[in-house]
2 protein chains.
Amino acid sequence: MLSIEQIKYFLAIVEYGSLNKASQYLFISQPALTKQLSLLEKSLGCSLLLRTPTGIKLTPAGRYFYERCNLIMETINETIKQIKSFDKENVIRIGGLPNLITYFLPKYIEKLKMMNYEVYIEAMHTNSQLINSVRNGFLNIAFVSDAVQESDIAIVPLVVEPFFVVMSASHPMVKTEEIDFLSVVKEKLILYKAPCPIRAAIRNHCSLMGVTPNITLELELTESLINYVEKGFGITIVPKMVADSMSSQGVIAREIKKFPLHRVVSAVLKKDCVSSYKSLLFDI
Amino acid sequence: MLSIEQIKYFLAIVEYGSLNKASQYLFISQPALTKQLSLLEKSLGCSLLLRTPTGIKLTPAGRYFYERCNLIMETINETIKQIKSFDKENVIRIGGLPNLITYFLPKYIEKLKMMNYEVYIEAMHTNSQLINSVRNGFLNIAFVSDAVQESDIAIVPLVVEPFFVVMSASHPMVKTEEIDFLSVVKEKLILYKAPCPIRAAIRNHCSLMGVTPNITLELELTESLINYVEKGFGITIVPKMVADSMSSQGVIAREIKKFPLHRVVSAVLKKDCVSSYKSLLFDI
DNA sequence: TGAATTTACGATGGACGTAACAATG
DNA sequence: CATTGTTACGTCCATCGTAAATTCA
């Protein structure tokens with residue numbers, strides 16, 4: 001049976017290039033290491049390295065196994081590190097939608113570090129992933145957009161912010177005095193693919209107003225909307241905090257004034273934790 | 001010390017919902033399981049599950065650990081599966097660029113299966129990844145595009161194929177009788193980001209002819225060029241075998257007749273393996 | 001001969017099982 | 001009292017270390 005010890009031994013052998021040196025590093029005798037290595041090879045049914053009088057040399061299978069062992073050990077070590085933080089009092093795990101993490105969380109994180117918390121940050125792309133992580137205890141707090149109330153979990157509204165249109169500087173709409181939502185959704189829209197809370201908010205606003213958005217391009221959640229706007233493929237709609245922090249030259253952000261839509265940024269936390277985190281959330 | 005056995009035990013406990021049932025499934029006594037579980041929790045410094053008279057209930061840390069254990073075991077099992085195939089005589093590992101895998105390999109694979117080989121397929125995005133995999137023995141054969149000869153490895157040319165332009169049906173160039181490369185690269189080009197052998201071939205052809213391609217959109221290697229052509233963002237250039245197998249209605253593929261460019265599809269293999277795979281590569 | 005790995009074998013400790021115990025509904 | 005999990009203790013096998021053997025430069 002493969003064991004973690006054997007994996008560690010194998011990694012040491014490869015890294016030190018000899019059983020001898022590896023055995024010294026591992027504080028075991030060299031015969032013991034030989035034994036474990038042959039047991040490992042036997043259990044895998046495959047030769048991993050060639051023994052030479054000058055040291056060892058990896059076989060193809062050995063090279064593959066070495067890479068995989070590194071991956072396995074990294075996964076295990078990361079797991080142990082996370083787990084060890086779970087029962088520590090001064091650790092707080094915070095999650096949020098990527099744009100909230102980027103633009104909104106920094107001030108909270110500063111404050112938490114002042115209070116001697118170790119902070120773990122985790123970005124997730126959907127509200128439901130985040131809410132579930134709070135529910136099952138992986139996150140202490142999650143920051144979401146337009147979440148609906150649920151019975152078992154507290155959703156605390158924090159800010160309401162308007163949406164902005166982002167378009168290239170040469171776009172005719174730049175000259176319009178008061179930008180309205182109905183004109184905006186007739187333009188070529190670039191949005192993220194579902195599931196994306198902003199996309200959902202726009203669709204919802206559209207159906208309330210009885211129009212269909214003209215979505216011409218749908219991006220993966222990992223790509224940058226602004227890049228595509230800059231290249232002239234269309235316009236996009238982003239929340240104020242994203243618009244505020246844009247630095248691109250070629251694009252312009254303008255608030256949607258007529259028939260505006262807003263999003264509510266909320267904190268999600270367990271009901272019995274609301275009181276303990278209340279001061280953190282509001283005293284800013 | 002964390003061990004793989006402990007991970008397996010923990011997974012069984014969670015899945016069976018009780019130490020009792022898990023111990024039966026694992027063919028060990030229930031006290032032994034209790035012992036291992038408490039050792040695990042002690043080594044992690046963290047409680048993983050709450051014991052109740054009706055069974056067990058996961059703590060947040062336990063839920064996290066459960067997910068990670070699944071990931072770890074999947075990684076380990078996949079590794080063992082791959083390794084076991086390494087020294088088997090009847091296993092052959094083949095790699096290739098994604099489009100070669102999709103359009104070109106199937107006939108080889110059929111043939112290999114006829115010959116009672118177990119075939120492992122691995123797609124990689126660059127020639128150099130593939131060539132390295134052959135060099136270090138992870139792959140027996142790799143199919144690449146426009147590879148240059150290297151001293152230590154054999155590169156066997158297999159087919160030369162022309163490139164096609166892909167454009168929307170309404171594009172003016174559809175009406176041109178003889179499509180030429182110089183006009184094509186003046187159009188809005190959609191290509192994959194570097195590193196991409198096709199992109200490299202196009203850039204190379206351009207610099208030979210003293211022109212600059214008008215690349216307006218660069219996609220991630222995981223996205224579909226054709227989708228973006230269909231939506232009217234520009235045109236693209238693909239090898240014949242990709243063009244031949246397109247089924248989209250809205251787009252049309254036409255061969256580049258004037259100043260054409262070609263790609264050479266080659267098989268990469270170790271020099272001392274050429275003779276043994278020769279019949280496979282050419283007898284089709 | 002010296003540097004490497006492998007084989008042989010006795011010692012030790014960790015993991016197991018049995019049996020007895022404790023708690024909950 | 002039936003089901004759950006825990007504690008106690010003796011047994012046994014896996015892994016270790018020491019020492020001797022082997023192989024290659």
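Numbered from 1 within each chain, the chains take letters A, B, ... in sequence-line order. Quick note: numbers below take in every heavy atom, side chains included, and nothing from hydrogens, waters or symmetry partners. The model shown is predicted, which means the values in this text are computed figures rather than measured ones.
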*Asks:* Could you state the atom-to-atom distance from CG of L49(B) to P of dT4(D) in whole Å?
*Replies:* 15 Å
*Asks:* To the side chain of P31(B), which of dT18(C), dC16(D), dG5(D) is closest?
*Replies:*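 Closest nucleotide among those given: dT18(C).
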*Asks:* For K21(B), look at atom NZ and say whether over 12 heavy atoms of other residues, nucleotides or ligands are found less than 6.0 Å away.
*Replies:* no
*Asks:* Using side-chain heavy atoms (C-beta onward) and a distance below 4.5 Å, is Q30(A) in contact with T34(A)?
*Replies:*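 The answer is yes, as the side chains (C-beta and beyond) meet within the 4.5 Å cut-off.
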*Asks:* How many whole angstroms separate atom CD of Q24(B) from atom P of dG5(D)?
*Replies:*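 About 11 Å, once rounded to whole Å.
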*Asks:* Report yes if at least one side-chain N or O of Y9(A) is closer than 4.0 Å to OP1 or OP2 of dC16(D); otherwise report no.
*Replies:* yes
*Asks:* Is the shortest heavy-atom distance from the side chain of I72(A) to the side chain of I76(A) under 4.5 Å?
*Replies:*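 When only atoms from C-beta onward are counted, I76(A) and I72(A) do touch, with a gap below 4.5 Å.
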*Asks:* Relative to the 5' end of DNA chain D, which residue comes earlier, S38(B) or S29(A), by the nucleotide with the nearest heavy atom?
*Replies:*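 Going by which nucleotide is closer to the 5' end, it is S38(B).
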*Asks:* In whole Å, what is the span from the CD atom of Q36(A) to the C1' atom of dT7(C)?
*Replies:* 15 Å
*Asks:* Is there a side-chain polar atom (N or O) of Q30(B) under 4.0 Å from OP1 or OP2 of dT4(D)?
*Replies:*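 No.
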*Asks:* If I take atom NZ in residue K57(A) and atom C1' in nucleotide dC24(D), what distance separates them, rounded to the nearest angstrom?
*Replies:* 17 Å
*Asks:* Closest approach to the side chain of L19(A), judged atom by atom: which nucleotide of dT5(C), dA15(C), dG17(C) is it?
*Replies:* dT5(C)
*Asks:* For dT3(D) and N20(B) - does any side-chain N or O of the residue sit under 4.0 Å from the phosphate oxygens OP1/OP2?
*Replies:*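 The answer is no; no side-chain N or O of N20(B) sits under 4.0 Å from OP1 or OP2.
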*Asks:* Just how far, in rounded Å, is P of dT6(D) from CD1 of I56(B)?
*Replies:*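 Answer to the nearest Å: 11 Å.
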*Asks:* Nearest to the side chain of S18(A), which nucleotide is it out of dA15(C), dT6(C), dT5(C)?
*Replies:*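 Among dA15(C), dT6(C), dT5(C), the one nearest the side chain of S18(A) is dT5(C).
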*Asks:* Using atom CG of L37(A) as one end and atom P of dA14(D) as the other, report the distance to the nearest whole Å.
*Replies:* 19 Å
*Asks:* Can we call the ring centroids of F86(A) and F65(B) under 6.0 Å apart?
*Replies:*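 No, the ring of F86(A) stays outside the 6.0 Å limit from the ring of F65(B), centre to centre.
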*Asks:* Check whether any side-chain nitrogen or oxygen of R51(A) sits under 4.0 Å from OP1 or OP2 of dT23(D), and answer yes or no.
*Replies:* no
*Asks:* Drop me the distance from N127(A)'s CG to S266(A)'s OG, to the nearest 0.5 angstrom.
*Replies:* 8.5 Å
*Asks:* Nearest whole angstrom, please: distance from the C1' of dG17(C) to the NZ of K35(B).
*Replies:*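 Value for this atom pair: 12 Å.
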*Asks:* Could you state the atom-to-atom distance from CG of L39(B) to C1' of dC16(C) in whole Å?
*Replies:* 12 Å
